[in-house]
Amino acid sequence: DTITHKPIIFVHGNSDIAVGDGGSVGWQTGFKALITYLTNKGYSKSEMYITTWGPADPNKAIDQTHNCGYVQRLRAFTEAVMNYTGADSFDVVSHSMGVTLARKMIKGGTLT
């Protein structure tokens, strides 16, 4: 696909998943509705990127931290998106714990 929009990287919240049908708890849909909306507004799949960064298990929500592994994986994912699309910038859509992970993903540096 030809990239006509700035790429969007989605970072979901704690215990959610990238895109789903509700899972066993009914609410694990990730950014499914927003991706559908943006597709209907002219975005292509090659302009929207998302990955599941955690265990996607609501029973493990309390155990999740802003650990280096999550940030490094999200940073590598972001760099891969930039290399693949050739874009010089991107937009981020995130929620909950995904907001703070995305912030660190963008800023880089060391995790304390």
Asks: Can you list everything that forms a side-chain contact (heavy atoms from CB on, under 4.5 Å) with Ser96? Sequence neighbours excluded, please.
Replies: none

Asks: Can you tell me how far CG of Leu34 sits from OG1 of Thr39, rounded to the nearest 0.5 angstrom?
Replies: 9.0 Å

Asks: Under the criterion side-chain contact (heavy atoms from CB on, under 4.5 Å), I'd like the reasoning laid out for Thr65 against Tyr70: C-alpha separation, chi angles, the key distance, then a yes or no.
Replies: CA-CA 9 Å; Thr65 63; Tyr70 292 153; 5.6 Å; no

Asks: Measuring from Met48:CE to Phe10:CZ, what's the distance to the nearest 0.5 Å?
Replies: 6.0 Å

Asks: Run the side-chain contact (heavy atoms from CB on, under 4.5 Å) test against Ala102 and tell me which residues pass, sequence neighbours left out.
Replies: Val11, Val92, Ser94, Met105

Asks: Return the set of residues passing side chain to side chain donor-acceptor pair (under 3.5 Å) with Thr100 (not counting sequence neighbours), or none when no residue passes.
Replies: His66

Asks: Which residue pairs satisfy the ring-ring contact (aromatic ring centres under 6.0 Å, His included) criterion with at least one member in residues 83-104, sequence neighbours excluded?
Replies: Phe31-His95

Asks: By salt bridge (charged side-chain N to carboxylate O under 4.0 Å, His left out), which residues pair with Asp91, not counting sequence neighbours?
Replies: Lys6

Asks: Any chain of hydrophobic side-chain contacts (each under 4.5 Å) joining Leu74 to Val99?
Replies: no

Asks: Would you please name every residue forming a side chain to side chain donor-acceptor pair (under 3.5 Å) with Tyr43, sequence neighbours left out?
Replies: none

Asks: Same hydrophobic cluster for Ile8 and Ile106, using side-chain heavy-atom links shorter than 4.5 Å among ILVMFWY?
Replies: no

Asks: List the residues meeting side chain to side chain donor-acceptor pair (under 3.5 Å) with Thr4, not counting sequence neighbours, and say none if there are none.
Replies: Glu47

Asks: Counting only N and O atoms by type, is there a donor-acceptor contact under 3.5 Å from the side chain of Lys104 to the main-chain atoms of Gly108?
Replies: yes

Asks: Once salt bridge (charged side-chain N to carboxylate O under 4.0 Å, His left out) is applied, what residue pairs with a partner in residues 29-43 remain, sequence neighbours excluded?
Replies: none

Asks: Is it true that a side-chain atom of His5 and a backbone atom of Ser44 form a donor plus acceptor pair closer than 3.5 Å?
Replies: no

Asks: As an exercise, state the distance from NZ of Lys60 to CD of Gln64, rounded to the nearest 0.5 Å.
Replies: 8.0 Å

Asks: Glu79: which residues meet the side chain to side chain donor-acceptor pair (under 3.5 Å) condition with it, sequence neighbours left out?
Replies: Arg75

Asks: So, taking the atom named OG1 in Thr78 and the one named CD1 in Ile9, what distance separates them when rounded to the nearest 0.5 Å?
Replies: 4.0 Å

Asks: Just jot down the ring pair (Phe, Tyr, Trp, His ring centres under 6.0 Å) partners of Phe77, sequence neighbours excluded, or say none.
Replies: none

Asks: Only counting residues at least two apart or in another chain, list the ones meeting side-chain contact (heavy atoms from CB on, under 4.5 Å) with Ala61.
Replies: Asn14, Ser15

Asks: Could you list the residues that satisfy side-chain contact (heavy atoms from CB on, under 4.5 Å) with Thr85, not counting sequence neighbours?
Replies: Ile3, Pro7, Tyr49, Val81, Ala87

Asks: In the single-linkage hydrophobic clustering (I, L, V, M, F, W, Y; side-chain heavy atoms under 4.5 Å), do Leu101 and Met82 co-cluster?
Replies: yes

Asks: Same cluster or not: are Ile17 and Val19 linked, directly or through other Ile, Leu, Val, Met, Phe, Trp or Tyr residues, by side-chain heavy atoms under 4.5 angstrom apart?
Replies: no

